[in-house]
Structures are given as structure tokens and as C-alpha cells.
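Report on one structure; see the data block that follows.
Letters A, B, ... are given to chains in the order of the sequence lines, protein chains preceding strands, and every chain is numbered from 1.
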Amino acid sequence: MSIKPARTRVAPSPTGHMHLATARVALYDYLLAKKTGGQFVLRIEDTDLSRTVPGAEQEIMDGLRWLGLNYDEGPDVGGAYGPYRQTDRRDIYLSHARTLVNNGCAYPCFCTPDRLEKVRQEQMKRKENPHYDGVCRNLDPDEAARRVANGEKYIIRFKMPKEGTTTAHDHLRGDIVTENKQINDYVLLKTDGLPTYHLAAMVDDHEMGITHVLRGSEWLGTFPLHVNIVRAFGWEEPTWVHLSVFLKPSGKGKLSKRDTSIAMKDGYSVFIKDMNDLGFTPEGVNNWIALMGWGVAEDDVLDSSQMVERFSIDSLTPSPAAINFQKLDHFNATHIRLFTSEDLAARIKPYFIREGLDVNDDILLKIIPLIRERLVTLDDCIAFGGFFFKDEVSPNPEDLVAKGLDAAGSAQIAQRAYQILSEQPGFGHEASEPPLRAYVEESGLNANQVFGILRVATTGQKVSPPLFESMEIIGREKCLQRIQNAIRILQTM
RNA sequence: GCCCCCAUCGUCUAGUGGCCCAGGACGAAGCCCUCUCAAGGCUUAAACCGGGAUUCGAAUUCCCGUGGGGGCACCA
């Protein structure tokens, strides 16, 4: 690991919901910056006006903050290398495009979209690779300049060398050698005066002093182009790291944000904005995405500081990774068990409130040890602890009937239990459990039957945290009331 | 069609020529614990895509297949 501080950037387009892949790039960027004492930058790549979605930029910033990936520089925090929104940098790209035209590495192109489309069709018909046919590449520079001066519409294309090969170095894959003739004369500057990614990203990465470019492997195809652009400017290249892509859970095909069938189903989502609602924690999500594409040996439950400590771009993996929601569950549940009681209480409180429950903070803190290891997602607190905040519970009558018994028999047990509990001077679980256990012994019933009735009676549900501890928190009065109510239900069945 | 990338248990991965009859984690199965559900403990099943080559020796190097993925826009 280099000691030199790294400047990294995540550069999403505000074209839709922020998803897992963006979050992972940001995570790695963040980790590398922290590890080396450098800076992590957010840059918004909004040069395609037609695809920009209102609110998407905010969603990205909110998502990064939710994940705890606070950027040192960005549109809303500023920084010495701004502006951080590409539409605010038009002039910068324009002058750089001119530089390239002037040094012969780029040229104006006057071809109409119509003609281009026709050329493409013909090439396809001839089973050729669709590519720009180079009409304007061969224009006399003076004539081209004249036409530009005359106000003719034009774009600027990169003049890709026709001969030879380009060797581009990826940190994970080594040298990638491509024949130059395979690479098109890509558009650098569009009719609307805005740059394409190819120009904008290269210019910005250089101008912003980015030392390590981490990006998706979908950029591998244009990687040689990018390297040529950087070299045409005479700039030093950053370290290029092309990350593996995320595959659908099936492993068939790239994970797409347009694929709604898996975007949000069964309580899972690929969008960061949904994670909180679904009860996932930043710790769980970060841990999950961190390990898809990063080989950490052993101990793979890591918090942010442990990740920083261990992170290295050398241990990133180049192969595609299928996402696995079961693992998200695992990491989420594991991190929940690691939170302090106060922290966990604060985190689950909103879910109770969302459910319309009146949360008592004392009770909230008391139930934490009872429900903590049962939570996979934070919103599971409702299923395991909602009844603590209800005045009454309404058990399903059938659930009150113990296994192997009928309603009348179950009612008798409930009655006896009621009697035992009301005769007991104390009510804590230490006071209540022994006499009830003794009753189980002498009655010849099993604990499941007796405790099961009480569980359903007092909590209103078949599955709950440990019975006696729960009853203690519910309180003597409420418990007796609820058991009384259960007896009534059983007697009228 | 053309170009590029990738290839270890179902999944995420460790492994950089002998330490590997391949290790960990998730998931699965079983047992223990147990008032339900969990958690926890123990155990089991489960992989080096195929074929050549190099080498005393290959999961690890090279070549060829095959499979998967990505790209071939005035989108990023």
C-alpha cells in the first residue's frame, strides 16, 4: 500500500435511483482515501440533460451520507477543485476540447445524425463493426475551422490512431492490449456544447487530482480510448481499477436498476434509498457490498474502521459477483447484535413509531436484551416487541389452545396459572418461573403446553421473546388482565 | 457479428509451483442447548470448467476450447 494520500472519486449520473454498484464504488473509494489519509470526492456527471432525473442528485448525497460515506468534497460541501457538477464546468471542457483540436488529436465533425444512422445501417448490413466512417477526420483543418466560424453545427471527435496498439494498465488485470483500429473516433463534445463521459471524466479526474480511478468494468471497452485521451493531453495517468460487476442473484446477467423484478421484492432492494425502510443498517449494507469483490481472509464481519484498516486495492477481485440477499440478512443481523443497547434502542424506535405505537423509552431499553438476537432487520422489532407497547393484545383463539388439549382444558390451565401468579408476592421472572415450573411438574403437562398458553395470552402471539422476562416487562397488572381475557376467550369457544 | 474481460463448494471468497486428498463465510443437513422463535456450541455434505503444454511437482504458469459477463451511441 502506497503511503501517498489517494484522492478518489465516485462519479454517478443523476439518472435514477442510487443502487448497490454505486454504493460499492463509493465504499472502496472512501476506504482507500481514509486508509491513505487522502480525500474522497463526489462528482455529479450530469452531462446528459435528457436523462437527468430531478431529485436523483439529492438521493445520491442522501444515500452516501446514510451509508456513512461522507465525502470531503462535493456539490453541497464545496472544495478546492470545484465545481463538482459537470454542467457547471462547461467552459473547462470546451477549452480542453479546443486544445485537442489544436494539437491534432481531435477534429470537428459536421456529419448529421441522419447520415450517421444510415452509415451504421449499411455497416451492419455488411456485418461490419458499426463505426464512424471518418469523413470529417480527413477534412482540411483550415476548411474545418472556416465552417466552424461560419456557424455550422458541429461536434468534436477524438482522432484515434489508426495503426498500432494501445496498452492500458488495469491494476487488477494487468496490461490490456487493444488494436487501435478497433476503437472508434468517439465524440468528445456534443452539439449542445456539453462533453461526453469520455472527455468530461478524463478532464475532471486530472483537474481534480484524482490518483485512483475505481469504476465499473463496463468501462473496460472504452478503457483504451480513455488512456489515449489522457495521453493526448500529456497527463499522468491515474491508477485504473475496474471493479467486477454485480450479477443478479441467479448469476444470470448484470444487475440492472431497470430490472424491477429483483429491484424490490420479498423485503429486499437494490436501491440504497429503500434500505432503511426495510430495516437494514448502514453497517450491514456496507459489510455486505464490501465483500462482493474484495477478498478479506477470515473474519468477515467488519465495521467501518476495520475495513479501513484492512483495505487494499490489491485484494480486490476482477470476476463478476452474484448478489446474495441471504448474506445481507446475515451481516445485518450480526451488526445489530454488536450495537450497544442505547444505540439499538435509538435505531428501532422509529420503526415502532412508524407502526403507530406509543414508545416508552424505559420499556424500550428493557426489551433490547430480549429481542436483540432475534432481529434480522430493524423492523423485526415490531414482530418481536410490538406487544410491549400495546394496551391490549388480541390473541387468535385457536392459538390459545395448547397442543394435545381442548379449549376447556386450556382454560383450566390458564386459570391455574392465573391463580399461581396472583398469589405470588413478587412478579419478576425470578418470582414467577419457579412456581409455574412446579405446576408443570405436578400436573403432568409439559412446559410447552403451559407456557404456550401464557405466551399467547400475554403477548398475543405464538412466537415471542422468552416468556417470563417478557411478562416481567409487561407488568403484573397487564399480564393478569390478559390471562383473564384469554380464559374468557377459551371458555366461550 | 466484432472487440474486451472473467472462470475454486449453490453463493461470496482464501489460495500467487510443493504448507491443499483445497481453508473461511452465507446458505443447507444433523446433533446439543431449550418455554416458542432466535442466538450459541459441535458435526456433515459441498468446488479447483474441459483438454493440451511447461515442470521432479500445478488450483496456482502458457496455449486451445467451452461457459459466463461487458462493450460496439452526439448514454453514462
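Nearest heavy-atom pair, A:Ala322 versus A:Lys248, reported as atom, atom and distance to 0.1 Å: CB-O, 3.5 Å.
The side chain of A:Asn448 contributes an N or O atom lying less than 4.0 Å from OP1 or OP2 of B:U36. Between A:Arg215 and B:A76 there is no side-chain N or O to OP1 or OP2 distance below 4.0 Å. Residue A:Lys462 places no side-chain N or O under 4.0 Å from the OP1 or OP2 atom of B:C35. When the side-chain nitrogen and oxygen atoms of A:Lys190 are compared with OP1 and OP2 of B:A76, one or more of them lie within a distance under 4.0 Å. Residue A:Arg437 places at least one side-chain N or O under 4.0 Å from the OP1 or OP2 atom of B:C35.
Atom CZ in A:Phe331 sits about 8 Å away from atom C1' in B:C12, given to the nearest Å.
At a threshold of 4.0 angstrom between heavy atoms, the contacts of A:Pro113 include nucleobase atoms, whether or not backbone atoms are also involved. Using a 4.0 Å heavy-atom criterion, one finds that A:Thr317 contacts the sugar-phosphate atoms exclusively. The residue A:Trp288 sits apart from the nucleic acid: no heavy atom pair falls under 4.0 Å. Nucleic acid contact for A:Ser464: base, since at least one base atom lies under 4.0 Å from a heavy atom of the residue.
Residues forming a salt bridge (charged side-chain N to carboxylate O under 4.0 Å, His left out) with A:Asp88 (at least two apart in sequence, or on another chain): A:Arg85. Under the salt bridge (charged side-chain N to carboxylate O under 4.0 Å, His left out) criterion, A:Asp380 pairs with no residue at all, not counting sequence neighbours.
With both ends at atom C1', the span from B:G27 to B:A73 equals 42 Å, rounded to whole Å.
Between the side chain of A:Arg173 and the base of B:C5 there is no donor-acceptor pair of N/O atoms closer than 3.5 Å. Interface remark: the A:Asn129 side chain does form a donor-acceptor pair with the B:G1 base, using a distance-only criterion of under 3.5 Å. Evaluation of atom-type donor-acceptor distances gives no pair under 3.5 Å for the side chain of A:Thr178 against the base of B:C4.
For the side-chain contact (heavy atoms from CB on, under 4.5 Å) test with A:Asp205, the passing option among A:Glu237, A:His226, A:Arg9 is A:Arg9; the others fail.
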